[in-house]
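For reference, the structure discussed in these notes is given below.
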Amino acid sequence: MDSPLVSIVIVCMNRLDNLYPCLKGLQAHTSVPSETFVVAYRFTPQNLAKAIADFPWVHWIESNEIRGFSENNNLALRKARGRYCFVVNDDTEIREDLVGALVADLERLPQDAAIVSPRLLNADGSLQLCGRPPYPARYYVLQQWHLHREPVDDTAGKTPLFGEVFRTSNITGAAFLIKTDVFRELGWFDETYFFTPEDIALSTLARSRGYGVYVDRAACITHKWRTTATRISPAVRPAAVRGSLLFFSGGSRVKYFLLALPVWLAESAKRAKASIRMRSTRSEADRIAWETYRNITRSIFTRLTPKQLFIKYFHA
């Protein structure tokens with residue numbers, strides 16, 4: 001396509017069972033001119049050959065080195081030619097013209113609007129997330145102690161700008177549309193973070209530059225994240241916790257320590273509980289949980305980057 005309006009970017013970690021429904025939904029329901037990039041992350045040669053044959057209209061980018069969410073997406077985003085970028089997880093399903101609806105939203109919103117996200121549904125149709133309110137550092141700490149739960153609907157009680165479109169504070173990385181020139185200005189995804197909190201970091205940076213973040217409650221996408229958990233949580237979670245602490249501390253060593261200490265205590269308590277459960281049940285799931293909490297507690301006060309932590313525990 002000579003002049004796509006939207007560049008669609010998907011990262012897939014060798015999961016054709018996730019990717020195929022996602023691509024088929026996009027192919028069936030996207031009305032606006034678009035180009036689609038799939039970053040084939042650590043694909044087997046057989047899966048890559050099959051996917052290329054089954055979806056010849058997709059631009060395939062091989063990614064065989066260890067990379068996180070930000071790095072993998074940025075491989076494709078830097079090639080984007082569309083006026084807008086639609087970043088979407090592979091474990092999603094689209095059953096309506098979602099991309100077209102989000103484009104229409106951005107073209108109707110004020111000039112300073114930069115990002116709009118859809119309403120996320122669980123596989124059973126229940127609400128997963130609809131916009132995200134401010135998420136200060138204290139909420140992150142409280143959440144580790146199960147003393148705070150992020151609201152799933154940031155539109156409740158609010159007045160829409162038009163239709164079902166509301167201003168919000170943060171987007172989720174599972175699915176969002178962003179103006180490409182703004183994304184480029186912001187430096188794409190921040191590669192400091194390996195798995196989280198890239199989406200909150202992007203939203204925060206956009207708002208600090210004067211751009212608006214929105215959610216369309218009428219535009220829906222199914223996100224099957226609970227069904228796609230893997231056995232690599234002992235590597236993923238330490239990188240995620242370390243990245244979150246780096247983000248919320250804002251470069252201050254004092255603030256990092258004040259945030260990290262209660263998080264370390266919370267994860268240590270979870271580690272102790274998982275150890276007892278593992279010795280009782282001897283199940284593989286409990287062993288993975290214990291290993292995950294052990295790795296997190298070992299990583300909070302390290303100087304390793306989130307990516308270095310992932311590599312360390314991924315190869316352990």
**Q.** Separation between OH of Tyr135 and OG of Ser244, rounded to the nearest 0.5 Å
**A.** 7.5 Å
Q | Donor-acceptor side-chain pairing of Asp105 and Tyr214 below 3.5 angstrom | A | no
(Q) Can you tell me how far apart CE (Met13) and CG (Asp90) are? Round to the nearest 0.5 Å. (A) 10.5 Å
Q | Evaluation steps, salt bridge (charged side-chain N to carboxylate O under 4.0 Å, His left out), between Glu164 and Arg119 | A | CA-CA 10 Å; Glu164 293 291 305; Arg119 178 171 59 162; over 6 Å; no
Q.
Using the rule given for salt bridge (charged side-chain N to carboxylate O under 4.0 Å, His left out), can you reason through Arg271 versus Glu267, listing the C-alpha separation, both sets of side-chain angles and the distance that settles it, and then say yes or no?
A. CA-CA 6 Å; Arg271 175 181 176 180; Glu267 298 298 331; over 6 Å; no
Q. Between Asp124 and Ser126, is there a donor-acceptor pair closer than 3.5 Å when you use the side chain of the first and the backbone of the second?
A. yes
Q: Might you confirm whether atom CD of Gln111 has over 12 heavy atoms from other residues, nucleotides or ligands at distances under 6.0 Å?
A: no
Q: Ignoring hydrogens and angles, tell me if any N or O in the side chain of Arg207 forms a donor-acceptor pair with the backbone of Ser169 under 3.5 Å.
A: yes
Q. Under the 3.5 angstrom rule, does the side chain of Tyr41 hit a backbone N or O of Arg67 as a donor-acceptor pair?
A. yes
Q.
Has Arg132 got a side-chain atom pairing as donor or acceptor with Ile171's backbone, closer than 3.5 angstrom?
A. yes
Q: First locate atom CD1 of Ile8, then atom CD of Gln27, and finally report the distance between them rounded to the nearest 0.5 Å.
A: 10.5 Å
Q | Residue pair Thr292 / Arg237, side-chain donor-acceptor N/O under 3.5 Å | A | no
Q) Do you know which of Phe194, Phe195, Phe189 makes ring-ring contact (aromatic ring centres under 6.0 Å, His included) with Phe69? A) Phe189
Q. Between CG of Leu304 and OH of Tyr313, what distance do you get to the nearest 0.5 Å?
A. 8.0 Å
Q: Give, for atom CG of Leu142 and atom CZ of Arg149, the distance between the pair rounded to the nearest 0.5 Å.
A: 14.0 Å
Q. Lys24 side chain to Glu93 main-chain N or O, any donor-acceptor pair under 3.5 Å?
A. no
**Q.** Main-chain N/O of Gly173 paired with Asp199 side-chain donor or acceptor, under 3.5 Å
**A.** yes
Q: Please tell me if the side chains of Phe86 and Ser34 come closer than 4.5 Å, counting only heavy atoms from C-beta onward.
A: no
Q) What is the distance from atom CG of Asp54 to atom CG of Asn47, rounded to the nearest 0.5 Å? A) 10.5 Å
Q.
Using only atom types and a distance under 3.5 Å, with no angle test, would you say the side chain of Asn170 pairs donor to acceptor with the backbone of Pro133?
A. yes
Q: Please check if any side-chain donor atom of Ser283 sits under 3.5 Å from a side-chain acceptor atom of Asp286, or the reverse.
A: yes
Q.
Out of the candidates Lys79, Arg83, Glu35, only one should pair with Ser7 under the side-chain hydrogen bond (donor to acceptor under 3.5 Å, both in side chains) rule; please name it.
A. Glu35
Q) So, the side chain of Asn295 versus the backbone of Pro238: is there a donor-acceptor pair under 3.5 Å, distance only? A) no
Q: Just do the side-chain contact (heavy atoms from CB on, under 4.5 Å) check on Ile10 and Leu23 with the steps written out, would you?
A: CA-CA 9 Å; Ile10 305 167; Leu23 286 176; 3.8 Å; yes
Q) Ignoring hydrogens and geometry, is there a side-chain-to-backbone donor-acceptor pair from Ser280 to Ile276 under 3.5 Å? A) no
Q) So, Ser275 side chain and Ala272 main chain: donor-acceptor pair closer than 3.5 Å or not? A) no
Q.
Is it the case that over 12 heavy atoms from other parts of the model lie below 6.0 angstrom from the CZ atom of Phe301?
A. yes
Q: Give a yes or no on this: more than 12 heavy atoms of other residues, nucleotides or ligands lie within 6.0 Å of atom CH2 of Trp188.
A: yes
Q. Should we count CD of Glu65 as having more than 12 external heavy atoms under 6.0 Å?
A. no
Q. When you look at CZ of Arg78, are more than 12 heavy atoms from neighbouring residues, nucleotides or ligands closer to it than 6.0 Å?
A. yes
